[in-house]
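Notes follow once the structure below has been shown.
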Amino acid sequence: MDKANLPLPKNPFRTRGGAKAPHRKNTLDSESVVMPCPKQVILPMVQHIGAPCKPTVKAGTLVAIGDVIAESEGFVSAPIHATVSGKVSKIAQVKLSTGQMGDAVIIDSDGEMRISENIKPPVVETAQDLLDAVKASGLVGLGGAGFPTHVKLNVPKDKKADTLVINCAECEPYITTDNREAIENTENVLNGIVTVMRLLELDRAIIGIEDNKPEAIKLLKKAVKDSKEKEAERICVLPLKARYPQGAEKVLIKACTNRVVPVGKLPLDAGCIVMNITSVAFVSSYIKTGIPLVSKRVTVDGSAVAEAKNVIVPIGTPIKDVIEFCGGYSEPCAKLISGGPMMGISLASDEFPVLKQNNAILAFNEKDAVLQKTTDCIRCGRCVQSCPLSLMPTAIANSVKLKDIDALNKQGVMVCMECGSCAFNCPAHRPLVQTMRQGKAMVKSAPKK
Amino acid sequence: MEEKLIVSASPHIRAKTTTTNIMLDVIIALMPAVVASIIIFGFRALMIIADTVLVAVLAEFLSRKVMKRENTVTDLSAVVTGLLLALNLPVGINPIFAAFGSVVAIVVVKQMFGGIGNNFVNPALAARIILLSSFPTAMTTWAKPFWFREGAVDAVTTATPLAMYANGETTSLSDLFLGTTGGCLGETCALALIIGGAYLMIRRVISPVIPLTYIGTVAIMSLIFGQDILFQLLSGGLLLGAIFMATDYTTSPINTKGKVVFAIGCGVLTFLIRNFANLPEGVSFSILIMNILVPLIERATNPRPFGEKESKNA
């Protein structure tokens, strides 16, 4: 591929399907507020996709913000740092939001929010420096998936990346954290992009952003134009049609580059590295300050929350503390969601902590929480039309019912990314995402031929 | 926190469309045809419509009750079936025959195969064909438009435009467009059917693929065989069939490619039956035959997952 010849798109490329989910970006203009120091933080050892971390501290250890408290030798993993200053009260098994049990380091805060003396900015001059720095920073994909970022940036020798796609689509309803990042941290966003492009020798960067964030688009465009870095000429801000799920990795790559990620492959196989805008801005801030990933901006919203806000919280803060900071529940909460309403996880309790990849806490009243009754499929085909990955959810659901593993494989159940467009659009309110997960579990547990 | 929180799989929000809304839209879309049938064929048309709808709903209610299944009357699908059946009957039909049609449609064709979404042929069409073979004379005795101004229904009869055409008689296009011809209650007034079809497409209840392909196929076939295109399109049950019957979700292919194949099949069969078979009209049979072929069409036209082609090339 001839370098510096790749076009910068002016208009997004065609994507398929999706759902006309409501936007409900109530907090688009709510400037982020920093939450005061919590009394205690709970830091589970699993806050990323990959190998769980092992605690490196014991009960009683004194820690300051930024001290490593857990790490793992696995490559696909990210270390965890103390997010408040204080004393480790215990290392205990806690229930995780997924319903499983796992170890967590619990730190009692001393209320001082003292930053560790060990912190110093890393020296980043080569691609390897960048990978080491990103790994040490504990960064995981902040868009929600929690994939360790250094793994993504590590381009194997036999593959070639030429395009950096910055994900600021933020297609989930309610959530506005990436929008606020683009507005409040524009400089870091740009510096982060330039650093990654320079060190990984990428030809172009495309910032994909849904067109329901006009202020962020304006500021990003201006920053790109005003930048004196030579890489800035190869950066473009691409407004996308605001239609869920534009921010899904494969969909975003198609919309920004017109490339298709092959089934079962990674964005790298399409020459792309995809980073969330908050992640890329964090890379820049880490290189500047050396402060690892210890806090996270979350959108707090929903019909049962008193004041909708964007809050910067220390990671590990119990959700109920965050809700309290937002004025508490305005009416009885019937459903609590970590993440967006399309793909977020509904939580059994508000005692769970905020994790690295969390970007929203939504609390809903009874009326919004109760789902309508499921009725028979009428074969209307709305699920098929809405699947961004050209699957046939209703046909897959039939195969799940018949436990037909061959058919499930043929229909590509493993391709499903559980975006929920099908279930959102189903007039019979069938739990299609749940069915897809069942299908995947069947395929995974079936004996290999 | 004292309250129990609801834990469920994502997504946690849903679109507002429900099965009942969809059926209600179909009912609204059929209203112009209902009104037209009452204007053209008189109060008796309303009586037949009320008859089939009430019996269809009752049959749905009772059959679910007997099978000890959940009551599904509220999804309004039985109302749609009853309406469609009525619109496919001549105005002079004995109300008992019409009621029998409703029972066949709901009990035999729909509920015995599992209820909504599980029938393999269109209930109203299957019932119409069963009535046609059970009561051939009653089903092919067509009252003249505005017969009620002249006398008894079976005294003032006429032929359908397609039957007249077979005998070399022509019907004016304005009569065909406004529906002032002999025929089933709902099939004669092209104007009312087009309004209903446009409503369904604007509301995105149906995609235009099947109606346009079906009608287009008949038009092309007419052109090839040197027939009067507009006459072929406006006469008989083509518009009613293409807009309201062939687009039935349950008995037509889900994916777009399949819809095209299905609709071309309907169009070709309709034209062949009309012109080369011993029947004046072929819409019902064409759609029914294509209904049965839907599983095969779908198997051949299913979309492939995003990125599958690329992974094979890689």
Side-chain angles (χ1 to χ4, degrees), chain A residues 16 19-22 173 250 260-265 269 320 332-337 341-351 364 368-372 375-382 384 388-392 394-395 411-412 415 418 420 423-429 431 433-434 437, chain B residues 1-23 25 69-70 72 74-75 77 114-120 204-207 209 247-256 258-259 294 298-299 302-314:
Chain A
R16 181 188 193 280
K20 215 172 169 180
K250 286 179 177 182
V260 176
V261 180
V263 165
K265 296 289 171 80
D269 295 284
K320 66 169 189 253
C333 174
K335 193 181 236 183
L336 190 65
I337 299 168
M342 292 298 286
M343 286 187 79
I345 301 172
S346 61
L347 303 174
S349 144
D350 59 5
E351 318 248 320
F364 291 104
D368 293 336
V370 176
L371 290 178
Q372 273 173 289
T375 52
D376 281 339
C377 170
I378 55 171
R379 282 179 43 95
C380 68
R382 282 173 175 75
V384 178
L389 302 180
S390 303
L391 301 177
M392 301 190 65
T394 171
Q411 289 159 341
V415 176
E418 300 172 17
F424 176 86
N425 282 324
C426 179
H429 305 109
V433 173
Q434 203 172 328
R437 288 183 188 142
Chain B
M1 168 167 286
E2 281 111 61
E3 287 87 357
K4 282 255 161 74
L5 291 174
I6 299 173
V7 174
S8 62
S10 59
H12 306 288
I13 50 172
R14 300 295 171 96
K16 288 200 183 76
T17 316
T18 63
T19 303
T20 309
N21 294 154
I22 293 172
M23 294 302 160
D25 266 337
R69 290 188 178 156
E70 207 179 341
T72 48
T74 49
D75 67 24
S77 63
I116 188 168
N118 293 308
N119 46 292
F120 69 100
R204 292 178 177 264
V205 171
I206 60 169
S207 100
V209 174
T247 54
D248 172 30
Y249 289 150
T250 306
T251 54
S252 64
I254 278 185
N255 58 72
T256 306
K259 283 184 168 65
V294 164
E298 286 197 327
R299 191 190 267 190
N302 277 350
R304 299 311 308 157
F306 183 78
E308 193 180 80
K309 204 175 71 201
E310 286 76 6
S311 77
K312 274 180 190 146
N313 296 343

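Chain naming here is simple, since letters A, B, ... match the order of the sequence lines and numbering starts at 1 in each.
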Please classify the contact of [X] with chain B as side chain, backbone, both or neither, using a heavy-atom distance under 4.5 Å.
X: A:Lys320; result: neither
X: A:Cys380; result: both
X: A:Met342; result: both
X: A:Gln372; result: side chain
X: A:Val261; result: backbone
X: A:Pro388; result: backbone

Selection from [options] maximising heavy-atom pairs under 4.5 Å formed with chain B:
options: A:Thr375, A:Asp368, A:Asp376, A:Asn425; result: A:Asp376
options: A:Pro341, A:Gly420, A:Gly412, A:Ala21; result: A:Pro341
options: A:Ala334, A:Gly381, A:Cys426; result: A:Ala334
options: A:Met343, A:Glu418, A:Lys20; result: A:Met343

Side chain from CB out, backbone as N, CA, C, O: work out which of these in [X] comes under 4.5 Å of a heavy atom of chain A, or both, or neither.
X: B:Ile22; result: side chain
X: B:Arg304; result: both
X: B:Ser207; result: neither

List the steps, then state whether side-chain contact (heavy atoms from CB on, under 4.5 Å) holds for B:Ile254 with B:Glu298. CA-CA 8 Å; B:Ile254 278 185; B:Glu298 286 197 327; 3.6 Å; yes

Hey, does the side chain of A:Ser346 reach the backbone of B:Ser8 with a donor-acceptor pair shorter than 3.5 angstrom? yes

Return yes when atom CZ of B:Arg204 has more than 12 non-hydrogen atoms of other residues, nucleotides or ligands closer than 6.0 Å, and no otherwise. no

Heavy atoms only: give me the nearest B:Phe306-A:Val263 pair and the separation to one decimal. O-CG2, 3.3 Å

side-chain hydrogen bond (donor to acceptor under 3.5 Å, both in side chains) partners of A:Asp269, counting only residues at least two apart: A:Lys159

Side chains of B:Thr17 and A:Arg382 in contact at under 4.5 Å (non-hydrogen atoms): yes

Do the side chains of B:Val205 and B:Tyr249 get nearer than 4.5 Å, heavy atoms only? yes

Heavy atoms only, distances under 4.5 angstrom: which of B:Thr19, B:Asp248, B:Thr247 has the most pairs with chain A? Name it, please. B:Thr19

With rounding to the nearest 0.5 Å, note down the distance linking CG in A:Leu391 to CD in A:Gln411. 9.0 Å

Go through it in stages, so that I can follow the logic: the residues are A:Val415 and B:Glu308, the test is side-chain contact (heavy atoms from CB on, under 4.5 Å), and I'd like the CA-CA distance, side-chain angles, deciding distance and then a yes or no. CA-CA 9 Å; A:Val415 176; B:Glu308 193 180 80; over 6 Å; no

